[in-house]
2 protein chains.
Amino acid sequence: MRPSRLTLDDYLPYLVNRVGVALALEFGKDALARYGLSIEMWRVLVVLSANGGQRQVDLGGLTSIDASTLSRMVTRLARLGFVVRRRSTANNREVEVALTGKGRAALRRLIPIARRYEQLAAAGIAPAELAAVKRALCAMYRNLTPAAD
Amino acid sequence: MRPSRLTLDDYLPYLVNRVGVALALEFGKDALARYGLSIEMWRVLVVLSANGGQRQVDLGGLTSIDASTLSRMVTRLARLGFVVRRRSTANNREVEVALTGKGRAALRRLIPIARRYEQLAAAGIAPAELAAVKRALCAMYRNLTPAAD
DNA sequence: CCGAGTTTAATGCGTGTGCAACTATTGTAA
DNA sequence: TTACAATAGTTGCACACGCATTAAACTCGG
């Protein structure tokens with residue numbers, strides 16, 4: 001293949017972006033909108049659910065969201081009552097962000113829906129192959145972020 | 001696994017988004033910035049390069065970019081000299097967007113760099129497995145967009 | 001213990017985004 | 001032909017984003 005042409009169906013970033021946008025759109029407009037949440041907010045909540053309370057800077061690393069954007073987003077999430085932001089007792093410049101009961105309740109309802117969209121996307125793909133895809137995506141992320149994580 | 005918990009490394013939308021953002025960031029700040037291009041603009045140019053001149057509405061479908069956003073983006077791309085926007089002669093409400101010579105020249109230089117980032121991401125993944133990943137991503141997109149395409 | 005340097009978070013600012021509303025053109029059916 | 005609906009594109013508006021800067025707290029060598 002000539003290096004000066006790109007076939008879309010063979011160009012990985014295009015394929016990844018397309019699936020990512022499609023997944024976000026479906027789930028975002030359907031389920032998340034009912035909670036006043038954006039997809040980025042959802043990602044923050046998922047990371048908090050999976051990894052527990054986090055400093056904002058770590059949340060940023062895990063969600064690939066800019067620190068300034070995240071600061072304002074956490075303010076909105078707190079105003080909605082899904083998280084609390086409390087100054088760390090040990091280190092007074094750090095802020096710990098943690099889920100509230102309301103946040104956990106919303107996640108309990110949203111996670112099954114998220115899984116259904118995941119299954120919808122993966123329909124017709126053999127479990128072993130799906131696992132291989134996930135492993136490959138993890139490897140790609142590690143390749144692209146040598147220093148981090 | 002309990003349905004009310006999500007393991008990040010097993011949650012497909014998270015993995016896809018993470019790789020997508022990492023790819024866009026690397027390429028966007030490094031190579032695209034020198035041309036005054038954003039990643040979204042790059043995606044538009046790539047689609048034009050792969051599929052030829054397009055109506056704006058079709059560009060939107062292929063790039064997952066909102067029509068109004070695209071309208072303004074094409075204005076900027078035209079001002080930068082990368083594309084031309086001309087009213088279709090057959091159908092006077094349609095607009096055809098096409099690459100200029102300058103646009104094609106920029107693509108000739110950028111595509112090899114894009115491929116290098118793609119290879120960087122896919123390093124250590126066997127060609128057959130990479131092909132399987134691409135097929136899976138295409139299948140996922142089809143699953144998520146039943147009507148379109 | 002002091003002060004330079006680092007880390008973490010918040011904010012000012014210009015800009016891009018998506019939704020909704022609007023204009024213009026084309027398609028369709030009585 | 002005329003009226004109504006559908007399609008393509010643009011624009012107004014409010015808002016979220018990212019960068020650069022600032023503020024505050026911590027670290028550590030001298």
Side-chain angles (χ1 to χ4, degrees), chain A residues 17 20-22 24-30 32-34 36-44 48 53-80 83-98 147-148, chain B residues 17 20-22 24-30 32-34 36-45 53-80 83-98 147-148:
Chain A
N17 175 68
V21 171
L25 235 60
E26 295 279 323
F27 184 46
K29 312 228 163 151
D30 183 21
L32 293 182
R34 276 198 278 279
L37 291 170
S38 66
I39 308 107
E40 287 76 19
M41 287 169 161
W42 158 253
R43 291 190 184 122
V44 169
L48 286 175
Q54 298 276 324
R55 300 182 304 162
Q56 282 188 191
V57 67
D58 297 326
L59 271 180
L62 288 167
T63 57
S64 309
I65 296 175
D66 183 82
S68 67
T69 301
L70 199 54
S71 174
R72 286 178 278 239
M73 196 182 298
V74 169
T75 301
R76 268 175 280 145
L77 283 172
R79 188 153 40 219
L80 288 170
V83 304
V84 286
R85 175 195 248 149
R86 52 167 171 261
R87 221 85 214 183
S88 164
T89 50
N91 190 327
N92 201 39
R93 85 187 148 193
E94 298 178 354
V95 169
E96 252 239 345
V97 182
Chain B
N17 175 68
V21 171
L25 236 58
E26 294 280 323
F27 183 47
K29 312 228 165 154
D30 183 21
L32 293 182
R34 277 198 276 281
L37 291 170
S38 66
I39 308 105
E40 287 74 21
M41 286 168 161
W42 158 253
R43 292 191 182 119
V44 169
L45 295 182
Q54 297 276 322
R55 300 182 303 163
Q56 282 188 192
V57 67
D58 297 326
L59 270 181
L62 288 168
T63 57
S64 309
I65 296 174
D66 183 81
S68 67
T69 300
L70 199 55
S71 174
R72 285 177 280 238
M73 196 182 297
V74 169
T75 300
R76 267 175 282 143
L77 282 172
R79 186 152 40 218
L80 288 170
V83 305
V84 286
R85 175 196 248 148
R86 54 169 171 260
R87 220 87 214 178
S88 163
T89 49
N91 190 328
N92 201 38
R93 82 187 150 190
E94 298 178 354
V95 168
E96 251 239 346
V97 182

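Per chain, numbering begins at 1; letters A, B, ... match sequence-line order.
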In Å and rounded to the nearest 0.5 Å, what is the OG1 to CD distance from A/Thr63 to A/Gln56? 10.5 Å
Ordered by number, residues from residues 61-74 of chain B within less than 4.0 Å of DNA chain D (heavy atoms) are B/Ala67, B/Ser68, B/Ser71, B/Arg72
Reported CD1-to-CZ distance for the pair B/Ile65 and B/Arg72, which is rounded to 0.5 angstrom: 12.5 Å
Taking the nucleotide of DNA chain D with the closest heavy atom to each, which residue, A/Arg76 or A/Asn91, is nearer the 5' end? A/Arg76
Return yes if some donor-acceptor pair links the side-chain N/O of B/Arg85 with the main-chain N/O of B/Ser71 below 3.5 Å, else return no. yes
Give, for atom CG of A/Asn91 and atom CZ of A/Arg55, the distance between the pair rounded to the nearest 0.5 Å. 8.0 Å
Could you walk me through whether A/Arg87 and A/Val95 pass the side chain to side chain contact (heavy atoms under 4.5 Å, CB included) check? CA-CA 5 Å; A/Arg87 221 85 214 183; A/Val95 169; 3.8 Å; yes
Nearest-0.5 Å distance, CE of residue B/Met41 to CZ of residue B/Arg76: 4.5 Å
For a 4.0 angstrom threshold against heavy atoms of chain B, report the outermost contacting nucleotides of DNA chain C in 5' to 3' order. C/dG16 to C/dT26
Nearest 0.5 Å, please: how far is CG in A/Leu59 from CD in A/Glu96? 9.5 Å
Heavy atoms only: give me the nearest B/Gly36-B/Leu80 pair and the separation to one decimal. O-CD1, 3.8 Å
5' to 3' contact window, DNA chain D with chain A (heavy-atom distance under 4.0 Å): D/dA16 to D/dC26
Once rounded to the nearest 0.5 Å, what's the spacing between atom NZ of B/Lys29 and atom CD1 of B/Ile39? 8.0 Å
With A/Leu77, which of A/Leu70, A/Leu48, A/Val83 fulfils side-chain contact (heavy atoms from CB on, under 4.5 Å)? A/Val83
